Number of protein chains: 2
Amino acid sequence: MISKKEHHTDTPLHLDEKDMGILRLLQQDAKMTIRDIAGQLNLSTTPVYERIRKMEQAGVIKQYAAIVDPRKIDKSLTVLCYITLKEHNKKCGKKFIQEILNFTEVTECLNISGEFDFMIKVQVKDMDEYREFYVNKLGELDNLSHTQSIFVISVIKATHQVVF
Amino acid sequence: MISKKEHHTDTPLHLDEKDMGILRLLQQDAKMTIRDIAGQLNLSTTPVYERIRKMEQAGVIKQYAAIVDPRKIDKSLTVLCYITLKEHNKKCGKKFIQEILNFTEVTECLNISGEFDFMIKVQVKDMDEYREFYVNKLGELDNLSHTQSIFVISVIKATHQVVF
DNA sequence: CTTAATTTGGAACAAATTTCTATTTTATTA
DNA sequence: TAATAAAATAGAAATTTGTTCCAAATTAAG
């Protein structure tokens with residue numbers, strides 16, 4: 001499709017019902033052909049093509065991704081790990097964030113309200129691999145005050161769908 | 001690409017380094033051409049094409065998705081809502097799950113260990129819209145015992161990358 | 001109502017995917 | 001170790017899809 005590593009601008013973009021229709025379809029299946037999208041929305045290929053291009057450039061569409069099933073690649077254990085830092089100044093926060101970004105086991109890191117400062121989602125093979133991560137990677141950070149691990153028993157719903 | 005709504009089987013599939021290389025690339029950019037992938041991995045198009053097809057059919061690649069930036073479509077508030085049920089028998093659990101699946105605001109629902117039974121991730125416009133969801137949708141379920149809302153202050157990391 | 005700006009349809013073109021066949025590589029067995 | 005079978009690969013041909021172009025239609029502004 002389009003998206004040849006062109007930098008997306010932050011131009012605001014008003015999305016009408018046709019744009020939303022396109023997003024709805026592409027969220028579910030990014031491999032739909034422009035012709036098929038056009039067919040479903042009763043348009044021709046050109047407007048669909050142009051609208052997708054604009055949404056890519058505006059950053060509405062951030063990425064096209066192949067979604068891999070963790071269970072099929074032996075990364076079946078998901079753990080939510082809650083973290084509080086000892087010190088909360090800017091420098092310490094930046095350092096923590098930088099190190100978290102480098103941990104490939106961490107698929108998500110949220111700065112949150114409440115008792116803890118951060119929630120990280122860790123995707124690993126099994127409990128052994130989690131312990132390895134918890135002790136030798138997370139445990140080596142020097143600004144940690146308190147952590148709590150919550151284990152995911154089953155995934156009921158997981159979607160990227162934010163346009164309806 | 002491939003993936004013309006063919007049913008994926010659950011055939012186990014051994015993934016070698018070439019498959020992993022393909023997944024690595026497609027996770028980051030599903031629009032990469034087979035030629036480019038082949039170029040980067042020093043292969044020709046056919047093996048890359050066949051390997052992708054096999055991984056689609058085996059369910060390793062679950063989906064190709066356009067990732068939409070929630071901020072660009074006015075869904076900037078993310079809330080983690082923790083839930084315990086009154087009754088935990090199979091029937092009640094199924095009912096709860098069924099209703100959660102229908103809430104478009106809920107992008108994720110995990111059955112978890114610890115104090116609460118479920119964590120749901122809710123993606124909305126603002127606090128008004130969250131209140132609306134919390135009171136009129138979630139609050140209308142009849143099996144809820146206790147809930148807690150944790151608000152996401154900022155997203156540090158969010159990836160779908162599980163192959164490295 | 002008239003004009004300007006934007007959006008759209010449909011056809012022509014370029015580029016990608018998909019298929020096919022011959023060849024090479026890997027694995028198996030004698 | 002050599003011979004054979006099975007699987008994977010390269011390269012080119014066929015097909016499908018993405019992209020561009022321009023004229024027509026629609027919308028917005030004066």
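Because the structure is a prediction, the values reported are computed rather than measured. Chain letters run A, B, ... following the sequence lines, proteins first, then strands; residues in each count from 1.
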Going by the rule ring pair (Phe, Tyr, Trp, His ring centres under 6.0 Å), which residues pair with B:Tyr130 if we only count those two or more places apart in sequence or in a different chain?
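Per chain and number, B:Tyr130 pairs via ring pair (Phe, Tyr, Trp, His ring centres under 6.0 Å) with B:Tyr134, B:Phe151.
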Distance check needed: [N] [atom2] versus [X] [atom1], whole Å only.
{"X": "B:Leu26", "N": "C:dT17", "atom1": "CG", "atom2": "P", "value": "10 Å"}
{"X": "B:His14", "N": "C:dT26", "atom1": "NE2", "atom2": "C1'", "value": "14 Å"}
{"X": "B:Ile52", "N": "C:dT19", "atom1": "CD1", "atom2": "P", "value": "13 Å"}
{"X": "A:Arg35", "N": "C:dA11", "atom1": "CZ", "atom2": "P", "value": "11 Å"}
{"X": "A:Met55", "N": "C:dT7", "atom1": "CE", "atom2": "P", "value": "13 Å"}
{"X": "A:Lys31", "N": "D:dT16", "atom1": "NZ", "atom2": "P", "value": "18 Å"}
{"X": "B:Asp16", "N": "D:dA8", "atom1": "CG", "atom2": "C1'", "value": "11 Å"}
{"X": "B:Ile37", "N": "D:dT9", "atom1": "CD1", "atom2": "P", "value": "14 Å"}

Looking at [X], does any N or O in its side chain come under 4.0 Å of the phosphate oxygens OP1/OP2 on [N]?
{"X": "A:Lys54", "N": "C:dT7", "result": "yes"}
{"X": "B:Lys18", "N": "D:dT9", "result": "yes"}
{"X": "A:Arg51", "N": "C:dT7", "result": "no"}

Looking at C:dG9, C:dT18, D:dA8, which one has an atom nearest to any side-chain atom of B:Ile34?
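Nearest to the side chain of B:Ile34 among the choices is C:dT18.
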Looking at D:dG18, C:dG9, C:dT18, which one has an atom nearest to any side-chain atom of A:Pro47?
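The closest nucleotide is C:dG9.
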Any salt bridge (Lys or Arg N to Asp or Glu O under 4.0 Å) involving residues 108-123 of chain A? Give me the pairs, sequence neighbours left out, ordered by first then second residue.
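For residues 108-123 of chain A: A:Glu108-A:Lys121, A:Glu108-B:Lys121, A:Lys121-B:Glu108.
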What residue pairs, at least two apart or across chains, pass salt bridge (Lys or Arg N to Asp or Glu O under 4.0 Å) with a residue in residues 153-164 of chain B?
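Pairs touching residues 153-164 of chain B that pass the test: none.
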For the atom pair CD1 (A:Ile22) and CZ (A:Arg51), what is the distance rounded to the nearest 0.5 Å?
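Atom-to-atom, A:Ile22:CD1 and A:Arg51:CZ are 6.0 Å apart.
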Identify each atom pair where a protein N or O and an N or O of nucleotides 20-29 of chain D are less than 3.5 Å apart, giving names and distance.
{"residue": "D:dT20", "atom": "OP2", "partner": "A:Tyr49", "partner atom": "OH", "Å": "3.0"}

A:Asp128: which residues meet the side chain to side chain contact (heavy atoms under 4.5 Å, CB included) condition with it, sequence neighbours left out?
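For A:Asp128, the residues satisfying side chain to side chain contact (heavy atoms under 4.5 Å, CB included) (neighbours in sequence not counted) are A:Asp126, A:Arg131.
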Partner set under side chain to side chain contact (heavy atoms under 4.5 Å, CB included) for B:Lys86, not counting sequence neighbours
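By the side chain to side chain contact (heavy atoms under 4.5 Å, CB included) rule, B:Lys86 matches B:Asn143, B:Ser145.
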Degree of bending, the helix from C:dC1-D:dG30 to C:dA30-D:dT1 (end axes from five pairs; round to 10°)
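Inter-axis angle at the ends, rounded: 40°.
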Do the side chains of B:Arg71 and B:Asp69 get close enough for a salt bridge, i.e. N-O under 4.0 angstrom?
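Yes, charged N to carboxylate O under 4.0 Å.
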ILVMFWY cluster membership beyond B:Leu80 - transitive side-chain contacts under 4.5 angstrom:
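ILVMFWY cluster around B:Leu80 also holds A:Leu80, A:Tyr82, A:Leu110, A:Ile112, A:Phe116, A:Met119, A:Ile150, A:Val152, A:Val155, B:Tyr82, B:Leu110, B:Ile112, B:Phe116, B:Met119, B:Ile150, B:Val152, B:Val155.
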Which residues pass the salt bridge (Lys or Arg N to Asp or Glu O under 4.0 Å) test with A:Glu129, not counting sequence neighbours?
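A:Lys75.
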